[in-house]
Amino acid sequence: MSLAKNEITMATEIYKSTNDLRQYKDTMRDYILDRGQALIVDIGYALREMKTNLPWGEFNAWTERELGIDRRTATNYMAAYTLTLDQPD
């Protein structure tokens with residue numbers, strides 16, 4: 001089981017034992033936002049690497065064919081990654 005699945009399962013089990021819906025919602029929201037942002041940045045990095053390494057003009061067709069995402073979506077992911085380059089660690 002992945003770490004993500006373990007975290008979600010644990011939050012759900014705590015909710016079931018305490019019936020604290022507000023805490024469950026807060027925990028899941030925080031998890032989704034934190035993990036979602038990290039995944040978006042990772043996807044952007046991977047897409048940028050592919051774009052850099054594919055022959056000129058093949059990237060858009062590759063993202064549509066292989067990933068089912070259009071050029072704008074791929075560009076948005078890469079822009080999210082690029083934004084992290086300007087942030088201090």
Side-chain angles (χ1 to χ4, degrees):
M1 183 180 298
S2 71
L3 179 60
K5 197 168 184 181
N6 283 337
E7 291 178 54
I8 294 166
T9 300
M10 185 173 8
T12 302
E13 292 300 319
I14 291 169
Y15 165 64
K16 287 178 180 178
S17 67
T18 64
N19 277 335
D20 187 347
L21 184 56
R22 180 74 256 154
Q23 179 62 37
Y24 181 62
K25 287 178 179 179
D26 290 346
T27 300
M28 293 302 283
R29 179 201 61 229
D30 293 347
Y31 175 80
I32 291 166
L33 291 176
D34 290 345
R35 186 73 178 133
Q37 289 171 356
L39 288 172
I40 289 168
V41 170
D42 290 348
I43 291 167
Y45 173 71
L47 287 170
R48 193 191 75 161
E49 288 297 303
M50 277 304 292
K51 185 172 185 171
T52 300
N53 291 297
L54 285 174
W56 189 87
E58 290 187 22
F59 179 72
N60 293 338
W62 180 82
T63 59
E64 290 178 8
R65 182 182 64 250
E66 299 294 330
L67 305 175
I69 62 173
D70 62 19
R71 179 182 57 84
R72 176 174 280 179
T73 301
T75 300
N76 288 339
Y77 279 120
M78 291 185 292
Y81 168 72
T82 302
L83 287 173
T84 67
L85 297 177
D86 298 332
Q87 296 178 358
D89 289 337

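Because the structure is predicted, anything quoted here is derived from the model rather than measured.
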Q: Can you list every side-chain hydrogen bond (donor to acceptor under 3.5 Å, both in side chains) pair that touches residues 36-57, not counting sequence neighbours?
A: none
Q: Look up atom OG1 in Thr9 and atom NZ in Lys16, then write down how far apart they are to the nearest 0.5 Å.
A: 9.0 Å
Q: Quick check: closest heavy atoms across Ala11 and Met28, and the distance to 0.1 Å?
A: CB-SD, 4.0 Å
Q: Check for me, please, whether Leu85 and Leu39 land in the same ILVMFWY cluster - side-chain distances under 4.5 Å, paths through other members count.
A: no
Q: My understanding is that only residues two or more places apart in sequence, or in another chain, count here; which of them pass side-chain contact (heavy atoms from CB on, under 4.5 Å) with Ile14?
A: Met10, Thr18
Q: Any side-chain hydrogen bond (donor to acceptor under 3.5 Å, both in side chains) involving residues 21-30? Give me the pairs, sequence neighbours left out, ordered by first then second residue.
A: Thr12-Tyr24, Arg22-Asp26, Gln23-Thr27, Asp26-Arg29
Q: Tell me whether Met50 shares a hydrophobic cluster with Tyr81, the cluster being built from Ile, Leu, Val, Met, Phe, Trp, Tyr side chains joined at under 4.5 Å.
A: no
Q: Taking Leu54 as the starting point, is it possible to reach Leu67 by hopping between hydrophobic residues whose side chains are less than 4.5 Å apart?
A: yes
Q: Please list all pairs passing the side-chain hydrogen bond (donor to acceptor under 3.5 Å, both in side chains) test where one or both residues lie in residues 66-78, with sequence neighbours left out.
A: Asp70-Thr73
Q: Test question: given the 4.5 Å side-chain rule for I, L, V, M, F, W and Y, name all other residues clustered with Leu33, or answer none.
A: none
Q: Where do Val41 and Ala80 come nearest, in terms of heavy atoms and distance?
A: CG2-O, 4.2 Å
Q: Do you know the tightest heavy-atom contact between Leu47 and Phe59?
A: O-CE1, 3.4 Å
